[in-house]
*Asks:* 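I have a structure I would like to understand better, so I am pasting it below and will then ask my questions one at a time.
Just so you know, ligand 1 is whichever comes first in the structure, and atom 1 is the first atom listed for that ligand. All figures in this text were calculated on a predicted structure; none of them were measured in a lab.
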Amino acid sequence: MLKGKVAIVTGSTSGIGLGIASELARLRADIVLNGFGDAGEIEQIRGGITREYGVRVAYDGADMSKEEAVRGLIAATVEKYGRLDILVNNAGIQFTAPVEEFPAAKWNAILAINLSAAFHGIAAAVPQMRKQGWGRIVNIASAHGLVASTHKAAYVAAKHGLIGLTKVVGLETAGSGVTCNAVCPGWVRTPLVDKQIDDIAAQRGISQQDAAKELLAEKQPSLQFVSPAQLGGTVAFLCSGAADQITGTAISVDGGWTAQ
Ligand code: NAD
């Protein structure tokens with residue numbers, strides 16, 4: 001379905017981004033991986049996807065907290081492959097604290113990585129996508145892009161902002177063959193959420209398994225985690241012809257979280 005297309009997935013060395021990159025590769029897109037981690041492990045991931053799906057897989061370690069690095073990632077991809085068809089803005093971090101104790105440095109980092117990186121990436125990618133007459137921009141927001149929780153001032157602000165950005169870019173590119181949408185996952189069991197499960201387990205003196213159950217019970221009526229593979233499938237749908245007229249919107253994949 002995506003043979004000959006080139007996809008960048010930011011933050012794809014782990015968790016949801018890796019699930020999305022794998023699904024796009026399975027559909028035969030060439031992939032640019034991005035994110036931090038151990039060089040050997042990243043090379044194993046890169047080689048594994050290449051061998052499994054027979055597509056070209058590159059790795060670019062651009063730091064999404066830095067404007068020039070984000071814009072450089074887009075430019076280097078266009079330079080290397082001569083095109084850019086799919087941009088998935090997925091890299092993200094979390095930090096939790098009450099607003100009056102929230103460290104300014106954490107606020108700045110979360111806004112930079114979870115929101116501004118998407119702006120810089122989109123701004124750099126749209127001209128190329130317009131030239132091609134086809135492009136897919138998918139911003140990985142969150143249930144926290146639609147509703148709030150305590151102690152997540154920066155994350156909730158960034159994710160709400162990301163959905164606003166999605167709407168503007170959807171409007172500005174309407175009719176050009178380029179679409180821009182957000183995906184809003186509920187809880188997904190990744191390192192980002194494992195840390196929150198660890199915190200609950202420690203605070204309450206309960207097992208990790210019980211802490212995971214509590215985390216789900218508080219927000220996610222299905223009481224089941226969303227999987228990275230399911231989110232890969234959602235992004236693949238947004239890259240399909242069936243989604244040509246879906247733009248500027250936010251799709252929830254949250255086990256019922258935001259229906260309440
Ligand atoms: P994760 O921690 O498993 O992965 C985050 C990825 O981003 C990693 O590859 C990491 O190396 C990369 N990254 C972090 N800082 C970076 C930087 N400065 N530059 C480049 N890469 C950087 O987390 P995840 O749960 O897979 O989260 C992925 C996205 O999904 C995030 O935007 C997160 O907010 C969103 N999300 C996650 C959940 C969840 O329950 N896990 C729910 C809703 C939304």
*Asks:* Who's touching ligand 1 if we go heavy atoms under 4.0 Å?
*Replies:* Gly11, Ser12, Thr13, Ser14, Gly15, Ile16, Asn34, Gly35, Phe36, Ala62, Asp63, Met64, Ser65, Asn90, Ala91, Gly92, Ile93, Ile113, Ile140, Ala141, Ser142, Tyr155, Lys159, Pro185, Gly186, Trp187, Val188, Thr190, Pro191, Leu192, Val193

*Asks:* Between the main-chain N or O of Gln224 and the side-chain N or O of Gln220, is there a donor-acceptor pair closer than 3.5 Å?
*Replies:*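 Flag set: sc Gln220 to bb Gln224 pair under 3.5 Å.
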
*Asks:* Taking the side chain as every heavy atom from C-beta outward, state whether Val235 and Val9 have any atom pair closer than 4.5 Å.
*Replies:* no

*Asks:* Between the side chain of Asn34 and the main-chain N/O of Gly61, is any donor-acceptor distance below 3.5 Å?
*Replies:* no

*Asks:* So how far is it from Phe119 CZ to Asn89 CG, rounded to the nearest 0.5 Å?
*Replies:*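 Taking CZ in Phe119 and CG in Asn89, the distance rounds to 12.0 Å.
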
*Asks:* Sort and list the pairs that fulfil side-chain hydrogen bond (donor to acceptor under 3.5 Å, both in side chains) and have at least one residue in residues 158-173, not counting sequence neighbours.
*Replies:*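 Matches after skipping sequence neighbours: Asn139-Thr166.
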
*Asks:* Below 30° counts as parallel, above 60° as perpendicular, anything between as tilted: where do the rings of His144 and Trp257 land?
*Replies:* perpendicular

